[in-house]
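Counting begins at 1 with the first residue of the sequence. What you are looking at is a predicted structure, and each value in this text was computed from that prediction instead of being measured.
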Amino acid sequence: MRGVTMHGLSPLQSGSTLEALTQATIILILAVAIILANLIVVATYLNFKGPHEVINYYLLSLAVADLLCGLFIVPLSVYPAFYGHWVYGDVVCRLVGYLEVTLWSISVYTFMWISVDRYLAVRKPLRYETIQTKTRCQCWMAFTWISAAMLCCPPLLGYNKAIYDNDTHICMLEWGNMAAYSATLAILVLGPSVISIVYNYGYIFTMMRKVRSGAPIHDKEYATALAENLANPSHCMSFALVFSFWVSWGPYMGLRIYELITDEPYENHLIQFGAVWLGILNSFWKIIIMTSMSQQFRLLVRLLFLTICCKTKGRLQAELIGLDPDD
């Protein structure tokens, strides 16, 4: 078994002080970056009192999940990364493991709802605003958080244990002891999410290609609404967020599949460390994608900082409300 439950060697004993210091520094920087980035996203959306696109509520949910990761998971790995052992006790280790799986499941489900929202915007452009309301979106998000918390709770209740992994410096639930439950959870989380994401974005990009090729659409009102909707950069931005999430976690999932097939742990601890923290890094670079691909988000961030620094919130709110939300 790779890793230990609570104890390990100190960097001085293992002769890898520089490596331990480097890894601890990387984790600390990542913790600060994740917290600051997602605080900005959450504050940006909460600060704006004008009309929001429905997708903004899903993005807010993602930011809250990433913020919780930055606050309660990442910082707890800094000390163990340098000193080589877990010092916070079994209960905290189990809570960290539970929170990891729950927040990851929330992110996966949220990406599924984002893909459904973008699909409806393209499939039903004339009825989209009546189908996807603010209240309905908030209900789906509440359902997502509650269902994810309940689906992942059996290990928290004592049916499984958490181990501290010396390679990645993070506590993880030991799913091998609950193979049936682990497989069921994977199917319930990944099954509908992956199928929905692939189908919905496949349909969206097919329609984009159809409109750009000039294929005739006989219903003029529908054609106009569809063209306007497809011009919304939220489609490409949301796909970039989904794609970056799976690319980030791809190496880690590949390692787990390799270990499952070979029935032995992958011994290169630097690759193990890199795979896990590359996945967690996804919690930071969402803000980079949103800033680079959404003019609306850039304007809302500008409003946030001007509100903080210049106290001109009322005038800027009025200006932004008058902007086209698709810009």
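Counting heavy atoms from C-beta outward, Trp249 and Ile280 have side chains that approach closer than 4.5 Å. Annotation: side chain of Val276 is in contact with side chain of Met172 (closest heavy-atom distance under 4.5 Å). The side-chain heavy atoms of Leu278 and Tyr252, taken from C-beta on, include no pair separated by under 4.5 Å. Side-chain contact check for Val96 versus Phe72: every heavy-atom pair is 4.5 Å or farther apart. Looking at heavy atoms from C-beta onward, Leu270 lies in side-chain contact with Gln23 at the 4.5 angstrom threshold. Annotation: side chain of Asp66 is not in contact with side chain of Val41 (no heavy-atom distance under 4.5 Å). Taking the side chain as every heavy atom from C-beta outward, Met237 and Leu59 approach each other to under 4.5 Å. Considering only heavy atoms from C-beta on, Phe239 stays 4.5 Å or farther from Arg118 through its side chain.
Looking only at distances, a side-chain donor or acceptor of Tyr164 sits under 3.5 Å from a matching main-chain atom of Pro80. In this structure, Ser244 contributes its side chain and Leu241 its backbone to a donor-acceptor pair below 3.5 Å. Looking at Ser238, its side chain does come within 3.5 Å of a backbone N or O of His235 through a donor-acceptor pair. Glu259 places a side-chain N or O within donor-acceptor distance of the main-chain N or O of Tyr266, the cut-off being under 3.5 Å. A side-chain donor-acceptor contact under 3.5 Å links Ser213 to the backbone of Lys210. For the pair Trp86 (side chain) and Gly89 (backbone), a donor-acceptor distance under 3.5 Å is present.
Side-chain contact annotation: Ser196 with Tyr119, donor-acceptor N/O pair under 3.5 Å absent. Side chains of Asn232 and Glu53: a donor-acceptor N/O pair is present below 3.5 angstrom, by distance only. Checking His269 against Glu19 by side-chain atom types alone, a donor-acceptor pair falls below 3.5 Å.
For the side-chain contact (heavy atoms from CB on, under 4.5 Å) criterion with Leu99, the lone passing option out of Leu95, Leu103, Val101 is Leu103.
The OG1 atom of Thr291 lies 4.5 Å from the CZ atom of Phe297; values are rounded to the nearest 0.5 Å. Atom CG of Asn282 and atom CD1 of Ile34 lie 9.0 Å apart (nearest 0.5 Å). Atom CG of residue Asn229 and atom OG1 of residue Thr224 lie 12.5 Å apart, to the nearest 0.5 angstrom. Of the inter-residue distances, the one linking Trp104 atom CH2 with Cys152 atom SG reads 10.0 Å to the nearest 0.5 angstrom.
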> How far apart are the C-alpha atoms of Ser105 and Leu151, what are their side-chain angles, what is the distance that settles it, and do they pass the side chain to side chain contact (heavy atoms under 4.5 Å, CB included) test?
Replying inline: CA-CA 9 Å; Ser105 300; Leu151 282 173; over 6 Å; no

> Do Val242 and Ser115 pass the side chain to side chain contact (heavy atoms under 4.5 Å, CB included) test, and can you show the C-alpha distance, the side-chain angles, and the key distance before you say yes or no?
Replying inline: CA-CA 9 Å; Val242 174; Ser115 73; 5.9 Å; no

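Considering every non-hydrogen atom in both Ile287 and Ala37, the closest pair reads CD1-O, 3.4 Å. Across all non-hydrogen atoms, the minimal contact from Leu190 to Val108 is CD2-CG1, 4.5 Å. In terms of heavy atoms, Val74 sits closest to Leu30 at CG1-C, 4.5 Å. Nearest heavy-atom pair across Glu100 and Cys171 is OE2-O, 2.7 Å. Residue Leu230 comes nearest to Met207 through the heavy atom pair CD1-O, 3.9 Å, listed as atom of the first residue, atom of the second, then distance. The shortest non-hydrogen separation linking Tyr57 to Cys137 is CB-SG, 3.4 Å.
Ring geometry, Tyr45 versus His52: the interplanar angle exceeds 60°, so the pair is classed perpendicular (tilted spans 30 to 60°). Under the 30°/60° scheme for interplanar angles, the aromatic rings of Phe111 and Phe245 are found to be tilted.
Residue Glu129 qualifies as open at atom CD: its count of foreign heavy atoms under 6.0 Å is 12 or below. The environment of CH2 in Trp140 is sparse: at most 12 heavy-atom neighbours from other residues, nucleotides or ligands sit within 6.0 Å. The number of heavy atoms from other shown groups lying within 6.0 Å of CZ (Arg123) does not exceed 12.
Residues Leu300 and Ile288 are members of one and the same hydrophobic cluster, defined by side-chain heavy-atom contacts under 4.5 angstrom among Ile, Leu, Val, Met, Phe, Trp and Tyr.
Under the side chain to side chain donor-acceptor pair (under 3.5 Å) criterion, Ser61 pairs with Trp145, sequence neighbours left out.
Under a cutoff of 6.0 Å and an axis angle of 45°, Arg209 and Phe205 do not form a cation-pi pair.
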